[in-house]
Every structure is written in structure tokens, then in C-alpha cells.
Amino acid sequence: MSPEPSSPSGEGRSLDFIRERVRADNASGAYAGRVQTRFPPEPNGFLHIGHAKAVCLNFEVAAETGGTCRLRFDDTNPAGEDAAYAEAIADDIAWLGFEPDGAAVYASDYFEQLYEWAEHLVRQGLAYVDEQGAETISANRGDFSTPGTDSPWRDRSVAENLGLLRDMRVGRFDDGAKVLRARIDMAHPNMLMRDPVMYRIRHTAHFRTGDAWCIYPTYDWAHGQSDAIEGVTHSLCSLEFDAHRQLYDWYLEHLPLPGDRPRQYEFARLNLTHTVTSKRKLSALVDGALVNGWDDPRLPTLRGLRRRGYPPEAIRQFCAHIGVARVNGVHEIELLESFVRTHLNRTAQRRMAVLRPLEVVIDNWPDGRIELRRAPNNPEDPGEGEREVPFSGRLWIERDDFMLDPPRKFYRLAPGREVRLRAGYFLRCDYAETDLDGEVTRLRCTYDPDTDGGQAPDGRKVRATIHWVSADHAVDAAVALYDRLFTDPVPGADGRDPLESYNPASRELIAGAKLEPELKKTAPGEVVQFERLGYFAHDPGTPMLFHRTVGLRDEWANIQKRRQQSS
RNA sequence: UGGCCGGUAGUUCAACUGGCAGAACGUCGGACUUUGGCUCCGGAUGUUGCAGGUUCGAGUCCUGCCCGGCCAGCCA
């Protein structure tokens with residue numbers, strides 16, 4: 001077995017800055033040696049590969065130091081949030097292989113405490129009810145080079161603010177009529193510190209609290225306090241929250257907290273080439289029917305990757321390998337794929353399938369004879385045993401494995417050439433039947449009975465071994481082939497609409513694939529290797545549909561590509 | 001335009017905090033092979049963003065500049 005995915009030191013690498021910090025805190029006795037993290041998604045969408053990095057980081061950092069990691073839904077904005085998303089997210093985390101500490105919690109669990117603390121700030125003169133409209137507040141915030149201007153409501157009395165806040169809570173005002181703001185500094189160089197909004201009025205039902213509340217806390221007002229309530233020690237988030245740390249700390253400094261103060265640390269989010277992860281762009285693909293739903297195998301959503309056949313172990317190994325830093329970059333999707341291949345090479349059973357069938361008739365095969373050939377399930381793991389594959393005088397082989405006029409370095413079948421049939425015999429092509437267009441319709445071949453077992457007693461060699469399926473035993477199936485979702489490495493990098501580089505050829509459905517009969521037994525969701533073609537995942541819902549997870553490394557394809565480029 | 005964060009092979013990250021710039025993936029070549037897969041061996045790839053300075057010695061420290069990202073939601 002390869003090094004554990006969760007161990008960042010498994011590759012002999014040094015610790016990243018977050019793990020270094022956590023260990024330093026532990027060593028210095030901070031938080032009494034306790035480590036607690038959390039994964040805090042908003043339940044308004046599905047998790048994608050970028051979230052996987054955060055999930056792995058939070059859970060693994062905690063586990064490595066004997067700490068705990070909770071799943072907390074950041075449900076502070078009822079618009080768009082739904083219990084169904086929360087369930088899907090919890091399910092995806094479990095699939096990835098992590099078990100949150102205890103039952104999932106919700107920021108909405110703390111609405112009452114948050115409100116009490118809001119009154120506390122009001123009483124300290126550190127928060128006030130503003131009734132400028134949203135537009136005015138925005139205009140009065142100033143900009144990067146201009147300080148903001150104080151709201152005319154900034155200096156109300158504590159009593160008046162308290163009364164107004166209570167009126168807000170009981171629903172005396174319309175949406176947007178008033179907000180509660182922290183009273184910090186309208187000239188602060190950090191725009192977030194210019195009297196940030198803590199509560200907005202929304203007469204909208206919340207999926208958990210129903211209509212108990214009509215004021216909802218903003219992210220900044222809820223997040224750090226939720227961390228503090230739960231006893232989080234290290235609050236990890238992505239780089240764009242860097243500027244929020246100052247506010248995070250400000251709120252915590254001015255509140256009577258039950259315990260130690262959590263600290264926020266930011267790391268670079270994960271970006272992958274040839275795909276997108278922003279909710280907006282993902283939605284555009286789904287809504288525009290450019291993909292088939294949120295679990296389309298082309299999508300970088302966890303549900304998509306799962307359906308595509310990506311093993312969770314490979315995703316975890318990938319996340320461990322890329323590490324964590326404060327530089328925003330783009331990872332090559334090839335790296336992720338290489339982890340998928342490495343894992344699947346060890347674990348996936350081998351089968352034979354012909355995607356684009358070409359008929360082979362073996363003229364010297366005894367009439368009506370059927371042999372059950374034994375083939376290893378996984379040469380990488382003899383413990384996986386063998387299976388029987390029926391062999392007969394009429395076979396399907398891959399069209400790509402035959403050429404009438406083979407170029408240099410093409411080692412496969414051609415008129416007069418001999419190859420080995422995997423787990424079968426040597427096979428020579430005597431001639432190719434063609435139609436009026438010159439299209440090859442059928443191959444007439446002879447096999448060498450002395451090559452049973454795969455070797456010729458006379459010592460002659462073949463350059464290629466090809467896969468095959470007995471025509472009379474073949475099972476029909478549909479196979480979906482996938483390519484890059486976007487042709488550009490970084491869609492939209494040049495300022496254009498990312499969708500412009502959407503790859504219409506990202507999915508190709510092959511209806512008439514021929515499978516060896518053993519493949520009928522493949523479990524839903526199971527991933528197998530179609531020999532010489534790649535790894536394929538059996539669709540969880542549709543019986544005879546396979547999705548190509550990832551192809552094998554293909555040297556012949558590389559040769560062809562190079563030739564194309566040089567010509 | 002102000003503030004903050006960042007800049008090391010093609011890509012993502014290292015470099016024990018001042019001591020010979022490395023790894024993985026990719027790429028190229030070879031060996032092996034009943035998968036053109038896997039495995040193994042080897043090669044190539046760098047003005048460490050730029051320019052100065054300190055030092056016996058700078059990716060690392062100092063100064064200036066350049067480039068990229070984030071911030072002006074009652075989104076998270």
C-alpha cells in the first residue's frame with residue numbers, strides 16, 4: 001500500500017505553514033493542547049473539488065494532532081439555502097472518507113446567542129441601527145482613496161438603538177428598512193471595518209428556524225462567534241477572507257467569550273485547469289444544459305467525480321500532494337488524473353471491451369468450437385484471481401487496432417501481420433474485406449493453435465497484444481467518453497466568457513460497444529479497467545452504461561499527436 | 001487611486017530560517033512486459049519577478065521598482 005493520503009510527511013515533505021502553526025500552538029500549550037477545526041459550507045449548493053481541499057485540510061489537520069473537526073453549516077442567509085443541500089454535502093463528506101465530530105451543527109443554532117451579543121455591543125456603544133438605504137450606505141462607505149462619511153444615525157443613544165434593534169427583531173420593519181451596524185471607523189483603510197453590517201432584515205423563512213427570525217446575521221457577524229461558541233481553535237478559510245480577519249478579531253475582542261479566542265488562517269483555494277469551480281459558472285453549465293445536471297461526470301463536483309468513477313482515496317492523495325500555501329495558482333488536471341490512475345491500477349479489475357467493433361473471422365477455427373479462456377483479474381494483484389472469457393471463431397476487435405496501410409511504429413494488426421490476442425492465441429490477418437468506399441468491413445484471419453498460452457514454440461515474437469470479445473457472447477453496452485470540459489487551460493483567463501471555451505466534444509456517447517459477458521456482473525458504481533482503453537465506471541442508475549473515468553497513458557496516441565503537430 | 005497578500009523548472013510545491021536550488025506530475029530516451037498500461041533506469045528543463053545593497057557567502061536579510069491576486073454586497 002502506498003503512503004497514507006492524510007500524511008503530509010508521507011512523501012518526506014516539510015509541514016505547511018498551517019500545520020507548523022498548529023504544532024507550534026500545541027508545543028506552547030495554547031488552547032491547553034487542544035486542536036479543533038471545522039468545515040463550514042453554506043448549504044446552498046454542491047461541493048466540488050475545491051471544497052475537497054478544504055475538507056481534507058480541516059479534517060486531517062485535526063486528526064494528525066488528536067483534535068476534532070466538526071461539520072458546521074453556515075446558514076445565515078435563508079435565500080437559496082436548503083436542507084437538501086445540507087444532506088448532499090454531508091453525504092459527499094462521508095464519501096470522501098471523513099467523519100465529522102458529532103452531529104452536524106448550524107450557525108442558526110446560535111442565532112439567540114448572536115442576538116444577545118449584538119445587544120451587548122449596542123450597550124457598549126459599539127453598534128447602532130442605521131436607516132440609510134442600502135444604496136446610501138454603499139455611497140457613504142467611500143472608496144479606496146476616500147474615507148467614508150458617518151451615518152446621521154451613528155450617534156443615537158444606547159436606549160434608542162436597543163429599542164430599534166428589538167423592533168427589528170420582532171418584525172416591525174420592512175426588508176431593508178434598517179440594519180444593525182458595528183460602530184468601528186468610517187475612515188478605516190480596510191473597507192470591511194467601515195461600520196460593517198451585522199444584521200439585515202429579511203422576512204424570509206429559514207429552512208431550519210422557519211419564521212422565528214426576520215433578521216439574519218451577516219457572514220462576518222456569525223462566523224467568528226460560531227467558532228468561539230464551539231471552541232474552534234484554528235479557523236481555516238480561503239485567501240479571499242484575508243481582509244476579513246481584522247473584523248473577525250475585532251468582534252471577538254469586544255465580546256464576553258466563554259473560552260479562548262479562535263484564530264483565522266487563510267490558504268489558497270484550489271483551482272484546476274480545463275474546468276471551473278465557481279458556483280456561478282457551474283450553474284451556467286447546468287442551467288444551460290451544457291451538462292446533464294450537477295452529477296454530470298464532466299463536472300468537478302464531488303457528485304460528478306463520484307459518478308465518473310474517481311476514487312475518494314485518489315482525491316485525498318491529490319489534496320495531500322498539492323499541499324497548502326498562500327499562493328493562488330492553477331493545478332494541472334493531469335496531476336489529479338495521475339492519482340486516479342495510480343489508485344485504480346492497483347484496485348480495478350481488468351475486463352475486455354471493444355468500443356468500435358471490427359469483425360474478425362478466424363477461418364481455421366474449428367466450426368462451432370467455444371473455449372473458455374482464463375484471464376487474470378488484475379495482474380497487479382494475483383490475489384484477485386482469474387475469470388473465464390469465452391473465445392470463438394468470430395470476434396470483435398477494436399477498429400483502431402487494424403490499419404490497411406500501417407505507418408511506421410504502428411505495431412498492431414495489418415494485412416499479413418501477426419498479433420497476440422490477450423489471453424488467447426497469435427492471430428494473423430490474411431486479408432481485409434472492404435466495401436465500395438474502401439471502408440474495412442471484416443477481417444479474415446488465421447490463428448496459430450500452437451500459441452495457446454500466448455507464446456510461440458518456435459520463438460517468434462509479436463509486437464502487440466490486442467483485446468477482443470467473442471461476437472456470439474458479446475454484451476451490448478453504451479459507453480460515454482469524456483474529454484476536457486473546457487478547451488482553455490484557464491477558461492475566461494483572457495477576460496472572455498469562460499463558456500466560449502466550452503468543449504462541445506467533452507462527451508461522446510458510443511452506443512454499440514461490445515463487452516465480455518463477465519461485465520454483466522459489474523456492480524453499480526464499480527470501476528473496472530477495460531484493457532488497453534482506460535478505467536470505466538458502471539453508472540449507478542443505468543445498467544449497461546459505462547463512463548470513462550480516465551484513459552490509460554497512451555504512447556501511440558502521443559506519437560500520433562506529435563506527428564500531427566510536426567506536419 | 002489606498003490597504004493587504006503573494007512572486008522558486010511547463011505546473012504545483014520543497015529548500016532544516018544565511019551554506020552545493022530539489023521533488024512530484026508532465027516531457028524525452030532506454031530496460032522490462034501476454035495491456036503501446038504497470039514497474040525500473042536515465043536525460044533535459046531555472047537570470048529564484050527586476051535592480052541595487054549588506055555579507056566570506058543571499059531564494060532566504062535591507063532598499064527601490066515591476067507583475068499578479070483580494071478588498072468599495074444588507075453574498076459567503
Side-chain angles (χ1 to χ4, degrees), chain A residues 11-14 16 40-42 44-45 74-77 79-80 130 133-135 137-139 141-148 175-181 188-192 194 196-202 215-216 218-220 222-223 237-246 266 268 270 273 279 318 321-339 341-342 345-346 350 352 375-376 379-380 409-412 419-424 426 451 453-455 462-467 489 529-534 551-559:
Chain A
E11 300 174 33
R13 308 174 64 159
S14 58
D16 57 71
E42 184 184 15
N44 70 344
D74 221 335
D75 56 346
T76 57
N77 183 356
D130 195 355
E135 275 178 36
I137 287 180
S138 174
R141 186 144 29 223
D143 58 34
F144 298 136
S145 49
T146 324
D175 285 8
K178 296 188 171 38
V179 290
L180 183 72
R181 290 228 263 173
H188 200 107
N190 181 350
M191 301 287 294
L192 285 160
R194 322 248 262 222
V197 170
M198 295 166 61
Y199 277 109
R200 55 278 171 82
I201 300 173
R202 291 258 200 288
I215 57 172
Y216 291 97
T218 55
Y219 164 85
D220 288 302
H223 203 93
C237 63
S238 46
L239 237 34
E240 64 267 32
F241 289 98
D242 186 305
H244 293 247
R245 189 176 61 243
Q246 207 171 6
E266 311 87 23
L270 167 65
T273 55
K279 196 174 297 171
F318 170 71
H321 180 89
I322 60 175
V324 13
R326 285 182 64 87
V327 225
N328 257 321
V330 188
H331 290 76
E332 289 172 341
I333 198 163
E334 288 82 355
L335 182 60
L336 209 208
E337 290 176 338
S338 96
F339 278 96
R341 280 196 199 97
T342 301
N345 177 51
R346 272 200 331 260
R350 313 288 131 121
M352 288 196 282
E380 300 292 314
K409 283 191 172 176
F410 182 85
Y411 302 146
R412 281 109 96 149
V419 296
R420 173 166 40 228
L421 294 172
R422 175 108 241 229
F426 280 16
T451 55
Q455 303 292 344
V462 288
R463 300 286 308 253
T465 300
I466 68 171
H467 59 276
Q529 183 191 102
F530 289 174
E531 292 216 37
R532 304 208 306 133
L533 297 175
L552 260 26
R553 259 185 213 94
D554 189 344
E555 193 181 326
W556 174 238
N558 279 353
I559 291 170

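These numbers were taken from a predicted model, which means no experiment stands behind them. Each chain gets a letter, A, B and so on, in the order its sequence line appears, and its residues count up from 1.
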Query raised in the report: Which part of the nucleic acid does A:Gly133 contact within heavy-atom distance under 4.0 Å: base, sugar-phosphate only, or nothing?
Result: base

Query raised in the report: Can you tell which of B:C74, B:G36, B:C75 lies closest to the side chain of A:Asn77?
Result: B:C75

Query raised in the report: Atom CZ of A:Phe318 and atom C1' of B:U12: how far apart are they, to the nearest Å?
Result: 8 Å

Report summary line: Rounded to whole Å, the CG-P distance (A:Asp220 to B:A76) equals 8 Å

Report task. Assign the ring pair A:Phe318 / A:His331 to parallel, tilted or perpendicular, where the plane angle (0 to 90°) is split at 30° and 60°. Result -> perpendicular

Query raised in the report: Just how far, in rounded Å, is C1' of B:G37 from CG of A:Asp554?
Result: 9 Å

Report summary line: Glycosidic torsion of B:U60 (syn if within 90° of 0, anti otherwise) classifies it as anti

Requested in this report: Step by step, work out the ring pair (Phe, Tyr, Trp, His ring centres under 6.0 Å) result for A:Trp556 and A:Tyr411.
Outcome: CA-CA 9 Å; A:Trp556 174 238; A:Tyr411 302 146; 7.6 Å; no

Query raised in the report: If each of A:Ser145 and A:Asn345 is mapped to the nucleotide of RNA chain B with the nearest heavy atom, which maps nearer the 5' terminus, i.e. the 5' end?
Result: A:Ser145

Report task. Could you check whether A:Val462 gets within reach of a base, just the sugar-phosphate, or nothing at all, counting any heavy atom under 4.0 Å? Result -> nothing

Query raised in the report: Between A:Asp242 and A:Gly176, which has a closest nucleotide on RNA chain B that is more 5'?
Result: A:Asp242

Requested in this report: Check whether the side chain of A:Gln529 and the base of B:U35 form a donor-acceptor pair under 3.5 Å.
Outcome: yes

Query - For atom CD of A:Glu531 and atom C1' of B:G37, their distance in whole Å - result: 9 Å

Query raised in the report: With a 4.0 Å cut-off on heavy atoms, is A:Leu421 in touch with a base, just the backbone sugar-phosphate, or nothing at all?
Result: nothing

Query - C1' spacing across the pair B:U11 / B:G73, given as an integer number of angstrom - result: 35 Å

Requested in this report: Kindly say whether, by distance alone, the side chain of A:Arg412 makes a donor-acceptor pair under 3.5 Å with the base of B:G36?
Outcome: yes

Query - Polar side-chain contact A:Glu380-B:G37 base: donor and acceptor under 3.5 Å - result: yes

Query raised in the report: Can you tell me if A:Asn77 uses its side chain to pair, donor with acceptor, with the backbone of A:Tyr216 under 3.5 Å?
Result: no

Query raised in the report: In terms of side-chain heavy atoms of A:Ser338, which of B:G26, B:A76, B:G6 is nearest?
Result: B:G26

Query raised in the report: Is the shortest side-chain N/O distance from A:Arg463 to OP1 or OP2 of B:U35 below 4.0 Å?
Result: no

Requested in this report: Output, in order, the C-alpha distance, side-chain angles, deciding distance and verdict of salt bridge (Lys or Arg N to Asp or Glu O under 4.0 Å) for A:Asp242 and A:Arg326.
Outcome: CA-CA 10 Å; A:Asp242 186 305; A:Arg326 285 182 64 87; 2.6 Å; yes

Report task. Examine the side chains of A:Asn345 and A:Thr342 and answer whether a donor and an acceptor come within less than 3.5 Å of each other. Result -> no

Query - Letter per nucleotide, 5' to 3', of nucleotides 28-33 of chain B [B base touched, S only sugar-phosphate touched, - untouched; heavy atoms, 4.0 Å] - result: S-----

Query raised in the report: What is the nucleic acid contact for A:Pro379, judged by heavy atoms within less than 4.0 Å: base, sugar-phosphate only, or nothing?
Result: base

Report task. For RNA chain B, write out the stems as range with range, using runs of 3 or more consecutive Watson-Crick or G-U pairs with both distances under 3.5 Å. Result -> B:2-7 with B:66-71, B:10-13 with B:22-25, B:27-31 with B:39-43, B:49-53 with B:61-65

Query raised in the report: Among B:G37, B:C25, B:G7, which is the nearest nucleotide to the side chain of A:Arg350?
Result: B:G37

Pull out every protein N or O sitting under 3.5 Å from an N or O of nucleotides 69-73 of chain B, one pair per line with the distance.
residue: B:G73; atom: OP2; partner: A:Ser138; partner atom: OG; Å: 3.2

Requested in this report: Mind checking A:Leu533 for me? I need base, sugar-phosphate or nothing, with any heavy atom below 4.0 Å counting as a touch.
Outcome: nothing

Requested in this report: Calculate the interatomic distance between A:Glu332 atom CD and B:C13 atom P; express it in whole Å.
Outcome: 12 Å

Query - B:C75 OP1/OP2 closer than 4.0 Å to side-chain N/O of A:Arg202 - result: yes

Report task. Quick one: label A:Ala79 by what it contacts on the DNA or RNA (base, sugar-phosphate, nothing), any heavy atom closer than 4.0 Å. Result -> nothing

